[in-house]
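No experiment lies behind these values; they were computed from the predicted model shown. Quick note on labels: first sequence line is chain A, next is B, and so on, each numbered from 1.
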There are 2 protein chains.
Amino acid sequence: MTIDTFSALEVDKIIQGDSLTVLRSLPDSCINFIFTSPPYADNRKKTYKGIPIKEYVTWFLPISSELKRVLKADGTFILNIKERTEDGERQTYVLELILEMRKQGWLWTEEYIWHKKNCYPGRWPNRFRDAWERCLQFNKQKNFKMYQEAVMVPIGDWSKKRLAKLSETDRIRDVSKVGSGFGKNVSNWLGKRFVYPTNVLHLSTECANRGHSASFPYSLPAWFIRLFTQEEDIVLDPFIGSGTSAIACLDLNRHYVGIEAMESYTNLARESVNNWKAGHNGHSKKLI
Amino acid sequence: MTIDTFSALEVDKIIQGDSLTVLRSLPDSCINFIFTSPPYADNRKKTYKGIPIKEYVTWFLPISSELKRVLKADGTFILNIKERTEDGERQTYVLELILEMRKQGWLWTEEYIWHKKNCYPGRWPNRFRDAWERCLQFNKQKNFKMYQEAVMVPIGDWSKKRLAKLSETDRIRDVSKVGSGFGKNVSNWLGKRFVYPTNVLHLSTECANRGHSASFPYSLPAWFIRLFTQEEDIVLDPFIGSGTSAIACLDLNRHYVGIEAMESYTNLARESVNNWKAGHNGHSKKLI
DNA sequence: GTTCCGCATGAATCGATAG
DNA sequence: ACTATCGATTCATGCGGAA
């Protein structure tokens, strides 16, 4: 990254505004990694958090085009999404989106499965509970940065527990141990036998009553951020919601750029960031 | 099922021949359930087990059309498939296949994830081990046969604590919803030992215990056969390979129709069937 | 500081009812 | 007929307070 980039790109901020508009104001090739969980399709509510199914692809494509522009050549874009059912069918807009994004020049590199261990309850005569979501990986070129060692897990049964419990409690423990960084911490871990994970992630959704609901658990962006970035890298979340990705960046010593359209969510995200800083003795991350 | 159907459809057989050709000889609407794991796409090997990627959709569509014809109106088709990577990208033929099959009139009802707990080992610089496959559910109409009780799983350990004491809030919460449903609700939970599964299946890739290698484990077709059929129903596998689906049918007292193009696999499947019958004291399943 | 235990919650989905 | 809203269904988990 160059000085020029930094002079044009302000990092560690939650920007309030329309995602497409804000993205257009960002410089080319300034972002190391993009993680986002965009608003899901919803025919019923025509609010911010509900894009009609039929308009979904059309709505997203200009955004993915800008994301491709701002992403560095060796960067990665992870899109967390799951299609809705309508009229008893899985809708196909996510499939269409993948095909259209490839026409934009994106490579569809991989599809990770987020297995939601505590999925929503319910019972229906024609289907079971939906316990998984897609984490689609897109890249600009075949060679991209990937730091597999940062997400290695201990071998054996408790490795699954370890991966599953990478949430709030874990965060505190890690911070209290080391200030130098999460990846280092993990690699120094007690056992010497570590194994690479697979493309299936077993994470629970957080369900505590904290005044707001995170649409995805802290550990989801954290896992991908560790996998695709190094410290001081810049992470973009164009639909940051309540700020989960930003908190993950703070913990992992990455820079973040968050965009959020709704004022209430923006305030919530900024508050989360301030709480994090307060919890770390007022020491905010050193800015370049 | 009518007598006519049976006179035209011979069940409990492994038919050797080209799948499309054989399918065309079957009567309309005679099959209760279709499960198959078709030959994977592969550009390099031009063998039976390798359909070129670019031809895959074109190759499969006439087959899926015939499958739709032979399936009963309330039947289900489960397609176990996973796209290959080529040039560092996930290929898109499965996505395209879903879209094209919908144009044929199929409903894309659901996508189950088969999580392969002991997936193939290996390491690559740009991806992790692939630990999941798609099990795509297609139907002819919104209302289809589904026997959810047949695949219920033991309830989690949490229930022991949870049900040990009935707290005040349980009562309040129930009352707030349905008013009169409290007693009934609690009594249901107290006796409950099994719950419904989700759309994520955790199965190992272990094969049938006969020393024959199968591309998918016995438990995968068995699970779906139990879910979508009753005893005496007819199950079709148009790419039956070494006969795993047939063995599952024998165990579950379902009729099977298997199709296999290669003579060697056909012999293997027939041998598996014979071994099964020998292991059951020569009593083959009663034929109608 | 640990462990234990109660409890509210969740990117859900269907079918019935209402406009 | 067609769309919008609402109630019913249901289970594993993290969190917070208690022991």
Side-chain angles (χ1 to χ4, degrees), chain A residues 36-53 56 79-91 94 114-135 160-161 164-173 176 202-220 239 241-242 244, chain B residues 109-110 142-143 146 148 152-174 176-181 184-186 188-189 192-200:
Chain A
T36 201
S37 204
Y40 279 16
D42 194 340
N43 262 345
R44 288 166 296 188
K45 300 170 195 168
K46 260 228 171 185
T47 64
Y48 154 72
K49 285 290 181 190
I51 311 296
I53 287 177
Y56 203 88
L79 178 61
N80 168 227
I81 198 167
K82 179 67 186 262
E83 59 270 27
R84 296 186 75 90
T85 58
E86 185 103 0
D87 291 326
E89 257 194 301
R90 284 283 162 206
Q91 295 297 298
V94 174
W114 169 26
H115 172 217
K116 296 187 286 187
K117 289 190 297 181
N118 61 339
C119 62
Y120 206 89
R123 188 196 162 193
W124 310 275
N126 56 346
R127 67 180 65 247
F128 289 131
R129 293 174 295 147
D130 189 9
W132 64 279
E133 293 190 13
R134 307 178 194 278
C135 291
K160 296 164 189 168
K161 282 187 177 180
K165 293 201 171 184
L166 274 178
S167 55
E168 199 89 19
T169 342
D170 225 82
R171 199 186 331 171
I172 292 162
R173 283 183 194 145
S176 66
H202 302 276
L203 304 176
S204 303
T205 57
E206 293 178 9
C207 58
N209 182 13
R210 282 183 296 161
H212 64 85
S213 63
S215 55
F216 49 85
Y218 166 85
S219 43
L220 189 65
F239 302 98
S242 56
T244 313
Chain B
T109 313
E110 179 58 304
K142 285 174 64 176
N143 297 317
M146 193 179 196
Q148 301 189 351
M152 291 183 85
V153 293
I155 200 168
D157 286 341
W158 61 271
S159 64
K160 293 166 186 169
K161 297 177 183 176
R162 182 72 179 80
L163 298 181
K165 295 178 183 177
L166 295 175
S167 66
E168 203 70 22
T169 358
D170 271 334
R171 188 178 331 213
I172 292 166
R173 195 185 177 195
D174 287 324
S176 70
K177 280 190 174 180
V178 285
S180 63
K184 195 180 177 184
N185 194 353
V186 167
N188 284 342
W189 278 77
K192 182 166 287 188
R193 294 178 56 207
F194 292 91
V195 299
Y196 296 98
T198 71
N199 58 0
V200 177

| Quick one: is R193(B) getting a side-chain N or O under 4.0 Å of the dC11(D) phosphate, OP1 or OP2? | no

| task | Establish, with yes or no, whether the OP1 or OP2 oxygen of dC14(C) is under 4.0 angstrom from a side-chain nitrogen or oxygen of R127(A). | result | yes

| field | Nearest-angstrom distance from the residue atom CD of Q148(B) to C1' of dC14(C) | value | 12 Å

| query | If a stem is a run of at least 3 consecutive Watson-Crick or G-U pairs, both distances under 3.5 Å, which stems include DNA chain D? | reply | C:2-10 with D:11-19, C:12-19 with D:2-9

| query | If you draw the axis of the six-membered ring of W132(A), does the NZ or CZ of K116(A) fall within 45° of it and under 6.0 Å from the ring centre? | reply | no

| request: Using whole Å, report how far CZ of R84(A) lies from C1' of dG10(C). | output: 14 Å

| field | Distance between P atoms of dT10(D) and dA16(C) (Å, rounded) | value | 16 Å

| Short side-chain N/O contact from T85(A) to OP1 or OP2 of dC14(C), under 4.0 Å | yes

| Taking for each residue the nucleotide of DNA chain C with the nearest heavy atom, is it D87(A) or W114(A) whose nucleotide lies nearer the 5' end? | W114(A)

| field | Listed nucleotide nearest any side-chain atom of N126(A), set dC14(C), dG10(C), dT13(D) | value | dC14(C)

| Test item: side-chain donor near acceptor, Y40(A) and E133(A), under 3.5 Å | yes

| task | State whether a side-chain donor-acceptor pair under 3.5 Å links Y196(B) with R129(A). | result | no

| Tell me: CG of N118(A) to P of dT9(C), nearest whole Å? | 14 Å

| said: Looking at dG14(D), I'd like to know if its phosphate oxygens (OP1 or OP2) sit under 4.0 Å from a side-chain N or O belonging to S204(A). | reply: yes

| task | Please determine if R84(A) and D130(A) form a salt bridge, counting it only when a charged side-chain N lies under 4.0 Å from a carboxylate O. | result | no

